[in-house]
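A short worksheet on the structure shown next.
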Amino acid sequence: MGDTGGMRRVEVSPRPNWRQRCDAVGFSFYDLESEDGRPYWNEEAAYAFAPPEIALLETATAELFARCMDAVEHVVRAGRFAEFGIPERFHELVRASWDDDDPTVYGRFDLAYDDGAGPPDLSGRPARFGTVRSPAVKLLEFNADTPTSLVETAAAQWQWLEEQTAAGVLPAGADQFNAVHELLIEQWEHIRTARWGLAPGARLHLASLHDNGEPEAELIVEDFDTIAYMAETAKAAGFDPKLIFMEDLSFSVDRQAFLDADDEEVHRIFKLYPWEWMLAEQFGGFLPNTRGRTAWVEPAWKLLLSNKQLLVVLWELFPDHPNLLPAFEAPDALRGGSAGYVAKPRLGREGANVRVFDGTDALVASNEGGYGDEGFVYQQRARFTPIATAAGRPKTAVIGSWIVGETPAGIDLRETGGPITGDLAEFVPHYIEP
C-alpha cells in the first residue's frame with residue numbers, strides 16, 4: 001500500500017457488502033449524495049497516519065479544549081454575551097450554567113493539518129534556502145453543541161478497520177485513533193452517578209428534529225441515527241433512554257415542566273438541536289426559570305463555544321498560539337496577506353454562506369445558504385497537507401477531532417474537491433500505520 005510516512009491518502013478495496021455492514025452498526029445514511037453524486041461514505045480510499053501525527057493531533061485537541069474553557073470563563077466574567085448575539089434575558093442562564101458546571105458530553109473540533117511538506121505559502125512560491133516548516137494543527141471551528149458524524153466515526157469506521165485488517169486489506173497491526181464509543185459510555189456514567197446522583201434505570205430523553213418543516217418532508221435520518229446511537233451509549237451507562245422529536249416537546253404552565261408527546265415530564269434531555277434555535281422557540285422564555293427542573297445536554301454555556309465569535313475571542317486572548325489562526329470581526333487585518341482569508345457566518349453550519357478570498361482579496365470560492373444575518377467573522381485561510389487522488393484530483397481533508405468530557409477521543413476525516421467543506425463532503429475512514 002505504498003511507503004509509510006506522513007498523512008497520506010491511499011486507494012483501498014471496499015468491502016463487497018459494505019452497505020449491509022454499515023447497516024449492522026446503525027449507520028444508515030451512507031448513500032446520501034455527495035460530490036459528483038457519489039455516496040457520502042467512501043471506503044474506496046483511506047487516510048493513513050504515522051503515530052507521531054496522531055500524538056500531535058491528540059495534544060492539540062486537549063490544548064484547544066483547555067483554551068476554549070479559558071475563553072468561556074473570560075466571556076462570562078466580562079459579560080461579553082452580546083458579542084455572541086445572546087439576548088439579554090438569557091445572559092443569566094448562560095452564566096448560571098457555566099458557574100454551576102453543567103455537564104458536557106462531547107464536541108468536535110474541525111482542524112486543518114499541515115505536514116510541512118508543501119510549498120512555504122499558499123501562493124505556491126518556492127521556499128528560500130534553508131526554510132523548513134514543522135507539522136502544524138490549526139483550529140477551523142468548534143462544533144460544540146450539536147456535532148454530527150458521530151455514528152460513522154465511533155461505530156462504522158471502527159468496524160471498517162477491524163474487518164479490513166482481518167481481510168488483509170489493511171496492514172497487520174493497523175490501529176485507529178478512536179475511543180469515542182468507550183469514552184461516551186464512561187462520560188454518561190460519570191454524569192449519571194457523580195454529577196446527577198442517579199440510580200441505574202433513570203430516564204434520559206434524547207431529542208432530534210424530525211424534519212425541516214416542509215410539506216411531505218422526510219425524517220432527517222442523519223440526526224435520528226445520531227440520537228439512536230447516543231441512546232445506545234447512554235443505555236450502556238445505566239440510563240433508560242427515550243427517543244423523542246423536538247416538535248413533540250411542549251411546556252406545561254400548570255406543571256411548570258417540559259413534556260414529551262406522552263405528557264411525561266422531561267427532567268434530563270440530550271438534544272441534537274441548537275441552543276440558539278431553542279432561545280427563539282415559543283418555550284424559550286421558560287428555559288431560565290426551569291434550570292432546577294430540566295437538565296439539558298449539551299448545556300447552555302455551549303452557546304459561547306458553538307458560535308464562531310469564539311474564534312475572535314480566542315485569538316484576542318491567545319495571539320500567535322500555535323493551534324490558532326488569526327481571526328477578527330472585520331477582514332481589514334487579514335487583507336493583503338499571502339494566505340488569504342475566510343468569511344464565516346457566526347452560526348453557520350456545513351460550510352453554508354462561507355466565502356474564501358486569496359491574498360489579493362479576490363473571491364476564490366463561496367457557498368450559498370440561509371445564514372449570515374447574525375454577522376460574520378474573518379479567519380486567516382488555513383494551510384492543509386497537499387492531498388490528491390490516484391487520478392491526480394486535489395482534495396481538501398478536514399480532520400474532525402472529538403472531545404468526550406475533557407478527553408481527546410478520536411478523529412474522522414471529511415474530504416472535498418474544493419476549499420470549503422460543506423454538506424457534499426465525503427467521509428473517508430482512517431488508520432494508523434503500524
Side-chain angles (χ1 to χ4, degrees), residues 86-87 89-90 92-98 100-107 144-148 150 184-185 187-213 219-220 222-303 306 405:
I86 300 171
R89 64 176 178 154
F90 296 112
E92 184 54 37
L93 171 67
V94 179
R95 182 183 292 110
S97 175
W98 175 250
D100 291 348
D101 194 22
D102 288 352
T104 170
V105 171
Y106 76 148
D145 185 20
T146 59
T148 52
L150 179 65
L184 283 173
I185 295 171
Q187 183 65 5
W188 276 121
E189 188 166 21
H190 168 73
I191 291 172
R192 181 179 63 79
T193 57
R195 305 304 301 280
W196 290 343
L198 299 171
R203 173 72 89 196
L204 176 71
H205 284 82
L206 300 101
S208 65
L209 195 64
H210 183 275
D211 56 56
N212 59 11
L219 174 70
I220 302 175
E222 180 180 5
D223 287 8
F224 184 79
D225 279 8
T226 302
I227 284 289
Y229 173 72
M230 191 63 91
E232 180 185 326
T233 64
K235 184 175 183 178
F239 280 104
D240 175 23
K242 182 177 184 179
L243 273 61
I244 64 171
F245 293 110
M246 286 297 296
E247 290 92 333
D248 296 330
L249 199 64
S250 63
F251 186 80
S252 168
V253 176
D254 292 339
R255 295 162 68 175
Q256 284 296 294
F258 288 95
L259 307 177
D260 65 18
D262 301 319
D263 287 335
E264 179 184 340
E265 292 189 8
V266 177
H267 297 297
R268 294 165 296 275
I269 178 170
F270 172 86
K271 88 285 177 304
L272 201 66
Y273 193 73
W275 264 103
E276 65 267 17
W277 295 3
M278 288 174 57
L279 300 188
E281 290 283 358
Q282 189 171 9
F283 63 62
F286 298 110
L287 290 166
N289 295 329
T290 54
R291 266 187 48 76
R293 292 183 61 85
T294 305
W296 297 88
V297 180
E298 294 294 309
W301 57 263
K302 285 290 188 84
L303 275 159
S306 59

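Excluded from the calculations below are hydrogen atoms, water molecules and symmetry mates; all remaining heavy atoms, backbone and side chain alike, are included. A quick note: this is a predicted structure, and the numbers were derived from the prediction, not measured.
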Original post:
Is T294 reaching over with its side chain to a backbone N or O of A257, donor-acceptor style, under 3.5 angstrom?
Top reply: no

Original post:
Which atom pair, heavy atoms only, marks the closest approach of F90 to G285?
Top reply: CZ-N, 4.5 Å

Subject >> For N212, side chain to side chain contact (heavy atoms under 4.5 Å, CB included) partners two or more places apart >> reply: E214, A217

**OP:** Taking all non-hydrogen atoms of both residues into account, name the closest pair between P299 and W275 and its distance.
**Re:** O-NE1, 3.1 Å

Subject >> Residue pair D211, F245: steps toward the side-chain contact (heavy atoms from CB on, under 4.5 Å) verdict >> reply: CA-CA 9 Å; D211 56 56; F245 293 110; over 6 Å; no

Subject >> Steps toward side-chain contact (heavy atoms from CB on, under 4.5 Å) verdict (L303, L279) >> reply: CA-CA 10 Å; L303 275 159; L279 300 188; 3.9 Å; yes

**OP:** Check for a donor-acceptor pair, side chain of R195 on one end and backbone N or O of D101 on the other, with a separation under 3.5 Å.
**Re:** yes

**OP:** Taking the side chain as every heavy atom from C-beta outward, state whether F286 and V253 have any atom pair closer than 4.5 Å.
**Re:** yes

Original post:
Quick one: are the ring centres of W296 and F258 less than 6.0 Å apart?
Top reply: yes

Please tabulate, for side-chain N and O atoms in residues 228-238, each donor-acceptor pair with protein atoms closer than 3.5 Å (sequence neighbours left out).
{"from": "Y229", "atom 1": "OH", "to": "H181", "atom 2": "ND1", "distance (Å)": "2.6"}
{"from": "T233", "atom 1": "OG1", "to": "W188", "atom 2": "NE1", "distance (Å)": "3.4"}
{"from": "T233", "atom 1": "OG1", "to": "M230", "atom 2": "O", "distance (Å)": "2.7"}

Original post:
Between D260 (side chain) and D262 (backbone), is there a donor-acceptor pair under 3.5 Å?
Top reply: yes

Subject >> Approximate separation, where rounding is to 0.5 Å, of S97 OG and R291 CZ >> reply: 5.5 Å

**OP:** Taking H210 for its side chain and L219 for its backbone only, find out whether a donor-acceptor pair lies under 3.5 Å.
**Re:** no

Subject >> Residue pair S252 / L259: nearest heavy atoms and the distance that separates them >> reply: CB-CD1, 3.6 Å

Subject >> Exam field: side chain Q187 to backbone T104, donor-acceptor pair closer than 3.5 Å >> reply: yes

Original post:
Are the side chain of R192 and the backbone N or O of A202 linked by a donor-acceptor pair below 3.5 Å?
Top reply: no

Original post:
Counting distance only, does the side-chain N/O of Y106 pair as donor-acceptor with the main-chain N or O of P147 below 3.5 Å?
Top reply: yes

**OP:** Return the minimal non-hydrogen interatomic distance between S208 and I227, and the atom names on each side.
**Re:** CB-CG1, 3.5 Å

Subject >> Contact summary for E264 and H205, nearest pair of heavy atoms >> reply: OE2-CE1, 3.6 Å

**OP:** Before giving the answer on side-chain contact (heavy atoms from CB on, under 4.5 Å), spell out for D263 and R255 the whole-Å C-alpha distance, their side-chain angles and the decisive distance to 0.1 Å.
**Re:** CA-CA 11 Å; D263 287 335; R255 295 162 68 175; 4.2 Å; yes

Subject >> Contacts of S306 that satisfy side chain to side chain contact (heavy atoms under 4.5 Å, CB included) - sequence neighbours left out >> reply: D145, E276

Original post:
OG1 of T146 to CZ of F270: how many Å apart, nearest 0.5 Å?
Top reply: 8.5 Å

Subject >> Check: R203 side chain, R268 main-chain N or O, donor-acceptor pair, under 3.5 Å >> reply: no

Original post:
Given L287 and E281, is the side-chain contact (heavy atoms from CB on, under 4.5 Å) satisfied, shown in steps?
Top reply: CA-CA 10 Å; L287 290 166; E281 290 283 358; over 6 Å; no

**OP:** Starting at CD1 of I244, measure out to CD1 of I269 and round the result to the nearest 0.5 Å.
**Re:** 4.0 Å

Subject >> Distance, nearest 0.5 Å, that separates CG of D102 from CD1 of I191 >> reply: 10.5 Å

Original post:
In Å and rounded to the nearest 0.5 Å, what is the CZ to OG1 distance from F251 to T290?
Top reply: 5.5 Å

Original post:
Has the side chain of E222 got a donor or acceptor atom that lies under 3.5 Å from a matching backbone atom of T148?
Top reply: no

Subject >> Where A144 and K302 come nearest, the two heavy atoms and their spacing >> reply: O-NZ, 2.7 Å

Original post:
What distance separates D225 CG from L272 CG, expressed to the nearest 0.5 Å?
Top reply: 11.0 Å

